[in-house]
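Written below as structure tokens is the structure these notes are about.
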Protein chains: 2
Amino acid sequence: MAGEMTDSGVPRVVAIAWGAHAAPQRGPSRGLSHEKIVKQAIEIADEHGLGAVTMQRVAESLGFTTMSLYRYVANKEELLLLMSGADWLLPPRRKSGDDWRENLRTWVAELQSMYRQHPWLLEVQRGPVSVLLPGTMEVVDRGMEAVRALELSEQEIISLVLVISSYVASFSNLERDLADQEDLEFGPDAMAELGEVITAERLPYAAPFFLAGNYAGGPVLEDESGVDTEYEFGLELLIEGLAARQAAGPRD
Amino acid sequence: MAGEMTDSGVPRVVAIAWGAHAAPQRGPSRGLSHEKIVKQAIEIADEHGLGAVTMQRVAESLGFTTMSLYRYVANKEELLLLMSGADWLLPPRRKSGDDWRENLRTWVAELQSMYRQHPWLLEVQRGPVSVLLPGTMEVVDRGMEAVRALELSEQEIISLVLVISSYVASFSNLERDLADQEDLEFGPDAMAELGEVITAERLPYAAPFFLAGNYAGGPVLEDESGVDTEYEFGLELLIEGLAARQAAGPRD
DNA sequence: ACCTGAACACCGTTCAAGT
DNA sequence: ACCTGAACACCGTTCAAGT
């Protein structure tokens, strides 16, 4: 499942991603390359979603046969990994300041913008291999830099980076799901029908809230950009929690 | 994209999920039903992953033709929605206490256990419709109950429930991804090859950490159950942040 | 080494037909 | 109303063959 390995024991796809698999190049090349394939696949995913990324479509849009791709990529999974680990999906790196809160917010905003521009990133299966891809490592590196001023152990720094990036990913996911489908609005008939199954006995807390019209389609998910309020709320909690932890000094 | 609507304007799949679409039942029924189909599909997903859930496989394992399913379900997407919104995936509801921290931890543990037992839940596309399914509303209801003692507005309560459940989902996702593939271990050859591209110039913070052997395959991701340390760390942050917010009193 | 073409075993979904 | 069977337009991937 981790794919083929290179002679030295590095996963093939990792070597390719870092450009270390420099294409032996003996016979004639008609112009295909890893970079071209991955770029094209990303373009298709950006425009038409990950579902539109098929081997056939990628190949044809490059002017080649489907089968030509298999000279560069072991299978579709490998192509998806290469797409998700491309480091050019991130905005250019900016100089980091001294205020960790501000750094953290900048880093998080970069992540969020990446997910917004390339929502399919959230659908690609992650794993130990992804962690070694250029894009992922770049994200981790920027995160580590952002919080360098905090008094945390290396273990805690990695934990923090993981926690925050997971948080951003999960909210970007939510945001994407909600954006995908048009909002629902219910007339009196629909509310009546729903009211018969969504009862206060069954759902003592959620039902009254829903029946008052405050749930789906209500103000909760309707502020300007979907779930921004919720997102900020949670991020604030994480940062405040971190500050409290810092103030309390080292533990254990 | 939101699917067909019932006469009163409720999405068809929502009506089915709540059992409000009570099967007209005029002609002869050979024993297929929404419940049987969804249960079978869930069983297959639990055992063999969401990828194994095909219309053909679900139908055949029930002893029917593929096409018979389409009398109960408009398309595959609807089947996936019904699976993800089933409320019997949750552990039985327990009485909630007065300590909101403890309640929150119990609720979160229930969610986590659900994701561990049914990892495919994390792959199903969410949307406005999912929010109205019995399972989702049950989760929200339990969350609202857990934090009822906190002095928060309804808006904030919903935000909090969303934040925490997103957090749990994202970590469960991470956990699943890491569990899917065996861990990587690199010998000296591999480390040498990787060291040529993963340099301190390119990744000033992550590279030294990685080259010291502390990154993938190192102690960070190797503690007992994968990412438990990171998970606890973040949860602690959220709770501490929440407590700090409470102590500071109402805002704005 | 690079790319092609034919073939295989799958998908989801339609439609018309049986009971 | 419920289920079947044949057919269609796709998938990813193999293999043997061409240059």
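Because the structure is a prediction, the values reported are computed rather than measured. Chain letters run A, B, ... following the sequence lines, proteins first, then strands; residues in each count from 1. These values consider heavy atoms only, across backbone and side chains, with no hydrogens, waters or symmetry-generated copies.
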**OP:** State plainly whether the residues A:R93 and A:E138 are in salt-bridge range, i.e. N to O under 4.0 Å.
**Re:**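 Yes, charged N to carboxylate O under 4.0 Å.
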**OP:** Output all residues satisfying salt bridge (charged side-chain N to carboxylate O under 4.0 Å, His left out) with B:E43, sequence neighbours left out; order by chain, then residue number.
**Re:**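 Here no residue qualifies.
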**OP:** Could you tell me which residues satisfy salt bridge (charged side-chain N to carboxylate O under 4.0 Å, His left out) with A:E123, sequence neighbours excluded, listed by chain and number?
**Re:**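 Partners of A:E123 by the salt bridge (charged side-chain N to carboxylate O under 4.0 Å, His left out) criterion, ordered by chain and then number, come out as A:R176.
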Rounded to the Å, how far apart are [X] [atom1] and [N] [atom2]?
| X | N | atom1 | atom2 | answer |
| --- | --- | --- | --- | --- |
| A:Y72 | C:dC2 | OH | C1' | 6 Å |
| B:L62 | D:dC3 | CG | P | 11 Å |
| B:H34 | D:dC2 | NE2 | C1' | 13 Å |
| A:E60 | C:dC3 | CD | P | 16 Å |

**OP:** Identify whether any heavy atom of B:G31 sits under 4.0 Å from a base atom; if not, whether one sits that close to sugar-phosphate; answer base, sugar-phosphate or nothing.
**Re:**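 Answer is sugar-phosphate: B:G31 comes under 4.0 Å of backbone atoms only.
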For nucleotides 10-14 of chain D, print each protein N/O atom paired with a nucleotide N/O atom at under 3.5 Å, atom names and distance only.
residue	atom	partner	partner atom	Å
D:dG12	OP1	A:K76	NZ	2.9
D:dG12	OP2	A:M55	N	3.2
D:dT13	OP2	A:Y70	OH	2.9
D:dT13	OP2	A:K76	N	3.0

Original post:
Rounded to the nearest 0.5 Å, what separation is found between the OH atom of A:Y231 and the OG atom of A:S170?
Top reply: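 Output value for this atom pair is 9.5 Å.
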Subject >> From CZ (B:R12) to CE (B:M5), nearest 0.5 Å >> reply: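 That separation rounds to 12.0 Å.
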**OP:** Write down the atom of A:N173, the atom of A:L122, and the distance for their closest heavy-atom approach.
**Re:**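 Here A:N173 and A:L122 meet closest at N-CD1, 3.7 Å.
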**OP:** Sort and list the pairs that fulfil side-chain hydrogen bond (donor to acceptor under 3.5 Å, both in side chains) and have at least one residue in residues 60-69 of chain B, not counting sequence neighbours.
**Re:**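 Only B:Q40-B:S61 qualify under side-chain hydrogen bond (donor to acceptor under 3.5 Å, both in side chains).
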**OP:** Please list all pairs passing the salt bridge (charged side-chain N to carboxylate O under 4.0 Å, His left out) test where one or both residues lie in residues 31-42 of chain A, with sequence neighbours left out.
**Re:**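 Counting only pairs at least two positions apart or across chains, the salt bridge (charged side-chain N to carboxylate O under 4.0 Å, His left out) contacts touching residues 31-42 of chain A are A:E35-A:K39.
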Subject >> DNA chain C stem ranges, 3 or more consecutive Watson-Crick or G-U pairs under 3.5 angstrom >> reply: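 Only these stems qualify: C:4-8 with D:12-16, C:12-16 with D:4-8.
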